[in-house]
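Since the structure comes first, as structure tokens, the remarks are kept for the end.
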2 protein chains.
Amino acid sequence: MAKTKIGRNENLVLEALRDASGAPRTAYQLLETLRPEGLKAPLQVYRALKSLSERHLVHRLESLNAYLACSCTHGEGEEDGHALVFAICDGCGTVREFADPALGERVKALAAETAFTPRFAATEIHGTCADCRAG
Amino acid sequence: MAKTKIGRNENLVLEALRDASGAPRTAYQLLETLRPEGLKAPLQVYRALKSLSERHLVHRLESLNAYLACSCTHGEGEEDGHALVFAICDGCGTVREFADPALGERVKALAAETAFTPRFAATEIHGTCADCRAG
DNA sequence: TCAGTAATGTTATTACATAACGATCATGAC
DNA sequence: GTCATGATCGTTATGTAATAACATTACTGA
Ligand SMILES: [Zn+2]
Ligand SMILES: [Zn+2]
Ligand SMILES: [Zn+2]
Ligand SMILES: [Zn+2]
């Protein structure tokens, strides 16, 4: 079940996020960006973000209430354990996404030890990127 | 620098969270709970939560916009790498906190590979707990 | 006493997200 | 074709989470 087709609003939001390239955007920032394209209400953006998230084309950064275009392999395809990792620079705001199988395995093991059935996991690392450290 | 003393509001909020025992609470839920004790405005709760977070006595669950009393060893003391792990049951809402050094090490290694200086990391695992699975 | 600082209180506002309802547009069975 | 079905899209209103700005009170140590 291929989740039907991608709509106009989804495309607009996805493009806007890709243009941001590494910089997360909040839903309301996206709305402002896309007003010229005709978007008017938050719900249009939130619906698009939900759909795109389900397709793994964008990810939500929980600690920022913001969204990021996926830059990894899981894009269109299948689960890589759904263990996402994000390195968030608190200096410049850029976010780098990783697919780290080792960390995914550790999550699985931890879950198994406690009879917990994992469905999805995300790690958000806050810190300082190389550029910001260099000054 | 021991961060001064813990105040009345901090104590009220911390107690309320500990009473919940494994069940995360939102700031506004805490406010309702504590109205009988005299709390009236969100800011009172948010200030207490901020202070308690800095002392590592409570943690914020980013994916739930909710807060949980710390159940681990880092409580009063020092850093264990600040790599927190939470298993969040989407069935019953209970959350279990882990201190997992292996996962912390993996985060550090990943950061090192990319010249990223980590300050703090949290992993939130969504899934189903043993009780809910059993039915 | 009297400054300095930490804690608290109150009102208003901003930011993030969803509910509820209706209109539109495609698709495919008949 | 046409009619039902479901997906997409639009709008208004509302709910929920968090902070800004400013005033007040309480503790502490010259
Ligand atoms: Zn991705
Ligand atoms: Zn940076
Ligand atoms: Zn803890
Ligand atoms: Zn459960």
Side-chain angles (χ1 to χ4, degrees), chain A residues 1-17 20 23-55 57-68 88 90 93 95 122 124 126, chain B residues 1-17 20 23-55 57-68 88 90 93 95 122 124 126:
Chain A
M1 66 166 259
K3 273 226 96 268
T4 85
K5 209 177 40 177
I6 228 170
R8 167 180 156 82
N9 290 359
E10 273 97 332
N11 270 316
L12 287 172
V13 168
L14 182 55
E15 280 313 303
L17 279 175
R25 291 274 176 257
T26 71
Y28 279 72
Q29 284 172 340
L30 290 167
L31 177 56
E32 286 316 304
T33 301
L34 295 172
R35 273 193 197 284
E37 320 300 328
L39 294 207
K40 285 181 185 154
L43 196 46
Q44 299 176 287
V45 176
Y46 280 108
R47 277 203 279 237
L49 287 171
K50 181 173 184 228
S51 161
L52 292 168
S53 295
E54 285 165 355
R55 297 166 198 266
L57 293 174
V58 313
H59 304 298
R60 177 180 153 82
L61 295 164
E62 301 287 357
S63 66
L64 300 178
N65 293 336
Y67 303 82
L68 187 72
I88 302 167
D90 296 320
V95 176
E124 301 189 9
H126 283 262
Chain B
M1 59 164 270
K3 272 222 98 283
T4 84
K5 208 176 40 178
I6 228 170
R8 166 180 154 83
N9 290 359
E10 274 96 333
N11 269 315
L12 287 172
V13 169
L14 182 55
E15 279 313 304
L17 279 175
R25 291 274 177 256
T26 72
Y28 280 72
Q29 284 172 340
L30 290 166
L31 177 57
E32 286 316 305
T33 302
L34 294 173
R35 271 193 198 284
E37 321 299 329
L39 293 208
K40 284 180 187 157
L43 196 45
Q44 299 176 287
V45 176
Y46 280 108
R47 278 204 277 239
L49 288 170
K50 181 173 183 227
S51 161
L52 292 168
S53 296
E54 286 165 355
R55 297 165 198 269
L57 293 173
V58 313
H59 304 298
R60 176 180 153 80
L61 295 163
E62 302 287 358
S63 65
L64 301 178
N65 293 336
Y67 303 83
L68 187 72
I88 301 167
D90 295 319
V95 176
E124 301 190 10
H126 282 262

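The shown structure was predicted, so the numbers you read here are calculated from the model rather than taken from an experiment. Side-chain atoms are counted along with the backbone in the values below, which use heavy atoms only and exclude waters and symmetry mates. To find a chain, count down the sequence lines: A is the first, B the second, and so on, and within it residues start at 1.
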Task: Reference residue Y67(B); test side chain to side chain donor-acceptor pair (under 3.5 Å); the match among R60(B), H59(B), R25(B) - done: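 Checked R60(B), H59(B), R25(B) against Y67(B); only one passes side chain to side chain donor-acceptor pair (under 3.5 Å): R60(B).
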
Treating [X] as the side-chain partner and [Y] as the backbone partner, does any N or O pair qualify as donor plus acceptor under 3.5 Å?
| X | Y | value |
| --- | --- | --- |
| E124(B) | E62(B) | yes |
| Q44(A) | A41(A) | yes |
| S51(A) | R47(A) | no |

Taking [atom1] from [X] and [atom2] from [N], how many angstroms apart are they, rounded to a whole number?
| X | N | atom1 | atom2 | result |
| --- | --- | --- | --- | --- |
| K50(B) | dT8(C) | NZ | P | 14 Å |
| R25(A) | dC16(C) | CZ | C1' | 17 Å |
| E54(A) | dA7(D) | CD | P | 12 Å |
| E37(A) | dG10(D) | CD | C1' | 17 Å |
| L31(A) | dC16(C) | CG | P | 12 Å |
| R8(A) | dA7(D) | CZ | C1' | 17 Å |

Open item on the list: Is there a side chain to side chain contact (heavy atoms under 4.5 Å, CB included) between I6(A) and R55(A)? Walk through the geometry before answering.
Closed with: CA-CA 10 Å; I6(A) 228 170; R55(A) 297 166 198 266; 4.0 Å; yes

Task: Q44(A) vs dC9(D): side-chain N/O to OP1/OP2 distance below 4.0 Å - done: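 It does not, given that no N or O in the side chain of Q44(A) lies less than 4.0 Å from OP1 or OP2 of dC9(D).
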
Task: N/O (side chain, K40(B)) to phosphate O (OP1/OP2, dG9(C)) under 4.0 Å - done: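 Checking dG9(C) against K40(B), no side-chain N or O comes under 4.0 Å of OP1 or OP2.
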
Task: Out of dC9(D), dG10(D), dT12(D), whichever nucleotide has its closest atom nearest the side chain of L39(A) - done: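 Of all the options, the side chain of L39(A) is nearest to dG10(D).
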
TODO: Do nucleotides 14-27 of chain D as a string where each nucleotide becomes B, S or -: B if the base has a protein heavy atom under 4.0 Å, S if just the sugar-phosphate does, - if no protein is that close.
DONE: ---BBBBB------

Pair up each side-chain donor or acceptor in residues 29-38 of chain B with any protein partner under 3.5 Å, not counting sequence neighbours, and list the distances.
| residue | atom | partner | partner atom | Å |
| --- | --- | --- | --- | --- |
| Q29(B) | OE1 | T26(B) | N | 2.9 |
| E32(B) | OE1 | R35(B) | NE | 3.4 |
| E32(B) | OE2 | R35(B) | NE | 3.1 |
| E32(B) | OE2 | R35(B) | NH2 | 3.4 |
| T33(B) | OG1 | Q29(B) | O | 2.9 |
| R35(B) | NH1 | K40(B) | O | 3.4 |

